[in-house]
Engineer: 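Structure in structure tokens, see below.
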Amino acid sequence: MRRMTALLLMLLELPAYAYANDATPAAPDPGLEQRVMRLTTELRCLVCQNQSLADSHADLAIDLKNQVRSQMQAGKSDAEIREYMVARYGDFILYRPPLKPTTALLWAGPFLLLAGGGLALGFYLRRRREHLTEGELTPEQRVHAEALLRARREGGTR
């Protein structure tokens, strides 16, 4: 019975091994690996979109990191590799895209939203103030308010 249980557990674990990935080997040169990490932190993962290539474990991100590594080993500069990536994947791959007509809204968007929110708040407060008008109290309301205040004062001095 124990052998059957052990065999069954081993069979159930086999699919997990099928999905396991090999660890990507680091470059033999630590300086090159540090340069790869520095550049890939500036590039966006196209699958995850909220992570850099350095942080992502997606298959495409691993392929792009290996591509960056091989281009660096071929002697290309960081600027040349960045240009290659932008030419291939567009400005979206950069975490800090350059300011140009196609990305102007991306750079100005937060400020426009903040200004629009400020204007909307100003209009709302002005409209609210117009609806909240202080009027004079009628003599009955004044007597009633004074009675309430007097009762409060007398109740509070105990």
Engineer: Do R88 and Q67 come close enough that some side-chain heavy atom pair is under 4.5 Å?
Structural biologist: yes

Engineer: For V36, does its backbone N or O pair with a side-chain atom of T40 as donor and acceptor, under 3.5 Å?
Structural biologist: yes

Engineer: Under 6.0 Å from the CG atom of L149, do we count more than 12 heavy atoms belonging to anything else shown?
Structural biologist: yes

Engineer: Quick one: does any side-chain atom of T41 pair with a main-chain N or O of A54 as donor and acceptor, under 3.5 Å?
Structural biologist: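 No; judged by distance alone, with no hydrogens or angles, the pair does not exist.
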
Engineer: Do side-chain atoms of W107 reach the backbone of P97 as a donor and acceptor pair under 3.5 angstrom?
Structural biologist: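 Yes.
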
Engineer: Mark yes or no for whether Q71, through its side chain, and V68, through its backbone, hold a donor-acceptor pair below 3.5 Å.
Structural biologist: no

Engineer: Do you reckon L99 sits in the same ILVMFWY cluster as Y95, going by side-chain contacts under 4.5 Å, direct or chained?
Structural biologist: no

Engineer: Side chains of E146 and R142, heavy atoms from C-beta outward: is any pair under 4.5 Å?
Structural biologist: yes

Engineer: Please examine the side chains of E33 and R69, heavy atoms only from C-beta on, and report whether any two atoms are closer than 4.5 Å.
Structural biologist: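 Yes, close enough: below the 4.5 Å cut-off.
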
Engineer: Report yes if some heavy atom in the side chain of L60 is under 4.5 Å from a heavy atom in the side chain of C45; otherwise report no.
Structural biologist: no

Engineer: State whether the number of non-hydrogen atoms from other residues, nucleotides or ligands found under 6.0 Å of E80 atom CD is greater than 12.
Structural biologist: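 Above 12, so yes.
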
Engineer: Is there a side-chain contact between L94 and R44, using heavy atoms and a 4.5 Å cut-off?
Structural biologist: no

Engineer: Do M72 and L39 come close enough that some side-chain heavy atom pair is under 4.5 Å?
Structural biologist: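 Side-chain contact under 4.5 Å: yes.
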
Engineer: Is there side-chain contact between L64 and L43, with heavy atoms separated by less than 4.5 Å?
Structural biologist: no

Engineer: Are Y84 and L53 connected in a single hydrophobic cluster, I mean Ile/Leu/Val/Met/Phe/Trp/Tyr linked by side-chain heavy atoms less than 4.5 Å apart?
Structural biologist: yes

